[in-house]
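Below, chains carry the letters A, B, ... as their sequence lines are ordered, and counting in each starts from 1.
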Protein chains: 2
Amino acid sequence: MHLKIEKIIEYCLANNILLTNQQSLIIKIITEIASPLTANEILHELQKLNPKANRMTIHRALEILVKNGIIHKVAFNHTYKLCDHLYCKHDHHCQILVCQECGNQTEIHNLKITEALLEIGKTYNFNLANPLEITGLCTKCQMKGTL
Amino acid sequence: MHLKIEKIIEYCLANNILLTNQQSLIIKIITEIASPLTANEILHELQKLNPKANRMTIHRALEILVKNGIIHKVAFNHTYKLCDHLYCKHDHHCQILVCQECGNQTEIHNLKITEALLEIGKTYNFNLANPLEITGLCTKCQMKGTL
DNA sequence: TGATATAATGTTACATTGTAACATTAAAGT
DNA sequence: ACTTTAATGTTACAATGTAACATTATATCA
């Protein structure tokens, strides 16, 4: 068994998050493929294991996993990705650099941004969600552009 | 004529951005309605003026307007909104607080975040896009949640 | 255990956002 | 006016997501 998956299961047990079989399979898929996946891509993988699985299956499970901070949903390109910490506590802030060209994602934890965000949260009485999506061009895609 | 629209047209003339009739109408719609609109909502408005207009018309025009920094595209809820500055120079950084409940958007300009982002851009060699979407719950929707 | 309540999953149908490929029309240049 | 180019219209489709209801597991309790 994959080490990451064990840790997630451990975390879920400790925090009273009951994973159904279906949800466990989705975690397994997201963990093993590693790169960000769209709902459809996850579905196709899941269907290899459970041919009856369909879009609803995925979205319901993903909703729960996102809500529990186990995976991140990235709005920019409709992808889902395992949180690098294997779980995301509510007091834990992270940022994701999303390349608008290739879709590559890099999870970072920048104190300055976190502080600035908390300040903004106070100033505007805005209850921040996690994570912060930072879109732009990754190094590789900048190179491609200049060729 | 709306004052904002005049300023945008002025800006486009000064910067060699040729607006077609269709694009002008879309700017007019976005400016006058003010609240963030989805592509479909803009389409329905446009069709009142040009019954032949369809989805392609909208998306092609929106693409150009976004590219020229006249409007912002917000990925979180697929909406388009006039840049508060009526145009967005490339060296101009802004952030949008997007409420994940009601969709309300507040454009801000926070120096700390801008600085931190520029730093991250350098560190990771990541070419930042504008604007930054900050999702969360606005004041009103926080109240609703606690009722 | 077996009946019943509850939660999870499956099914069907649909709404929304967006794009691809090609046809038509308008605008610009000669 | 003829040609070229750009803009727009048309059709068809792909992807993401949700709503409403049916079915199947799972848990609870008499």
Side-chain angles (χ1 to χ4, degrees), chain A residues 12-13 16-30 35-68 70-81 98 100-101 103 133 135, chain B residues 12-13 16-30 35-68 70-81 98 100-103 105 133 135:
Chain A
C12 289
L13 282 173
N16 239 7
I17 301 165
L18 311 175
L19 292 181
T20 65
N21 192 39
Q22 206 90 240
Q23 287 160 23
S24 303
L25 286 178
I26 290 174
I27 290 177
K28 192 169 134 69
I29 289 165
I30 293 181
S35 66
L37 297 172
T38 66
N40 261 4
E41 288 165 346
I42 297 171
L43 175 58
H44 291 327
E45 288 301 316
L46 184 57
Q47 280 177 335
K48 292 180 188 169
L49 307 168
N50 170 12
K52 274 190 172 182
N54 60 14
R55 195 168 300 127
M56 283 311 302
T57 316
I58 294 292
H59 284 289
R60 280 194 281 236
L62 289 177
E63 192 191 348
I64 291 169
L65 296 177
V66 168
K67 202 170 280 174
N68 283 299
I70 295 165
I71 61 175
H72 294 312
K73 170 170 184 171
V74 175
F76 179 77
N77 55 2
H78 312 123
T79 56
Y80 300 84
K81 182 179 164 290
V98 185
Q100 50 196 180
E101 199 65 29
E133 288 180 36
T135 53
Chain B
C12 289
L13 282 173
N16 239 6
I17 302 166
L18 311 176
L19 293 180
T20 65
N21 193 39
Q22 207 89 244
Q23 288 162 21
S24 303
L25 287 177
I26 290 174
I27 290 178
K28 192 169 134 70
I29 289 165
I30 293 181
S35 67
L37 297 171
T38 66
N40 261 1
E41 287 164 347
I42 297 171
L43 175 59
H44 292 326
E45 287 302 315
L46 184 58
Q47 281 177 333
K48 292 180 189 170
L49 307 169
N50 171 11
K52 276 191 171 181
N54 60 13
R55 194 168 301 126
M56 282 312 301
T57 316
I58 294 291
H59 284 288
R60 281 195 281 235
L62 289 177
E63 193 191 348
I64 291 170
L65 296 176
V66 168
K67 201 169 281 177
N68 282 298
I70 294 165
I71 62 176
H72 293 312
K73 171 168 187 174
V74 175
F76 179 76
N77 55 3
H78 310 123
T79 55
Y80 300 84
K81 183 179 164 290
V98 185
Q100 50 196 181
E101 198 67 28
C102 69
Q105 296 177 13
E133 288 180 37
T135 53

Given atom [atom1] of [X] and atom [atom2] of [N], what is their separation to the nearest angstrom?
| X | N | atom1 | atom2 | answer |
| --- | --- | --- | --- | --- |
| B:Ile58 | C:dG18 | CD1 | C1' | 13 Å |
| B:Arg60 | C:dT17 | CZ | P | 18 Å |
| B:Lys52 | C:dT25 | NZ | P | 7 Å |
| A:Asn54 | C:dA13 | CG | P | 13 Å |

Q. So what does A:Asn77 touch, heavy atoms closer than 4.0 Å: a base, only the sugar-phosphate, or nothing?
A. nothing

Q: Counting Watson-Crick and G-U wobble pairs whose two distances are both under 3.5 Å, find the runs of 3 or more in a row that involve DNA chain D.
A: C:1-30 with D:1-30

Q) Do the side chains of A:Tyr80 and A:His72 get nearer than 4.5 Å, heavy atoms only? A) no

Q) Just how far is it from atom CD1 of B:Ile71 to atom CD of B:Glu63, taken to the nearest 0.5 Å? A) 10.5 Å

Q. To the nearest 0.5 Å, what is the distance between CZ (A:Arg60) and CD (A:Gln22)?
A.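 Reported value, rounded in 0.5 Å steps: 9.5 Å.
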
Q.
If the condition is side chain to side chain contact (heavy atoms under 4.5 Å, CB included), which residues does B:Asn77 pass it with, not counting sequence neighbours?
A. B:Val74, B:Thr79, B:Val98, B:Gln105

Q. Mind checking what makes side chain to side chain contact (heavy atoms under 4.5 Å, CB included) contact with B:Ser24, not counting sequence neighbours?
A.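 Listed in chain order: B:Leu19.
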
Strictly distance-based, threshold 3.5 Å: is any side-chain N or O of [X] a donor or acceptor partner for the main-chain N or O of [Y]?
| X | Y | value |
| --- | --- | --- |
| B:Asn50 | B:Leu46 | no |
| B:Glu133 | B:Phe76 | yes |
| A:Glu45 | A:Ile29 | no |

Q: Walk along DNA chain D from 5' to 3' and tell me the first and last nucleotide with an atom closer than 4.0 Å to a non-hydrogen atom of chain A.
A: D:dA15 to D:dA19

Give every donor-acceptor pair under 3.5 Å between a side-chain atom in residues 36-44 of chain A and any protein atom, sequence neighbours left out.
{"from": "A:Thr38", "atom 1": "OG1", "to": "A:Glu41", "atom 2": "N", "distance (Å)": "3.2"}
{"from": "A:Glu41", "atom 1": "OE1", "to": "A:Thr38", "atom 2": "N", "distance (Å)": "2.8"}

(Q) Are B:His78 and A:His78, when compared by the centres of their aromatic rings, separated by less than 6.0 Å? (A)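 Yes.
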
Q | Within residues 38-46 of chain A: residues closer than 4.0 Å to DNA chain D (heavy atoms) | A | A:Thr38, A:Ala39, A:Asn40

Q. How far apart are the closest heavy atoms of B:Leu65 and B:Gln23, and which atoms are they?
A.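 Taking B:Leu65 first and B:Gln23 second, the nearest heavy atoms are CD1-O, 4.3 Å.
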
Q) Toward the 5' end of DNA chain C, which comes first, A:Arg55 or B:His59, by nearest nucleotide? A)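 Per heavy-atom nearest nucleotide, the more 5' residue is A:Arg55.
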
Q. Is B:Lys73 near enough to C:dT17 that one of its side-chain N or O atoms lies under 4.0 angstrom from OP1 or OP2?
A.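 Checking B:Lys73 against C:dT17: no side-chain N or O falls below 4.0 Å of OP1 or OP2.
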
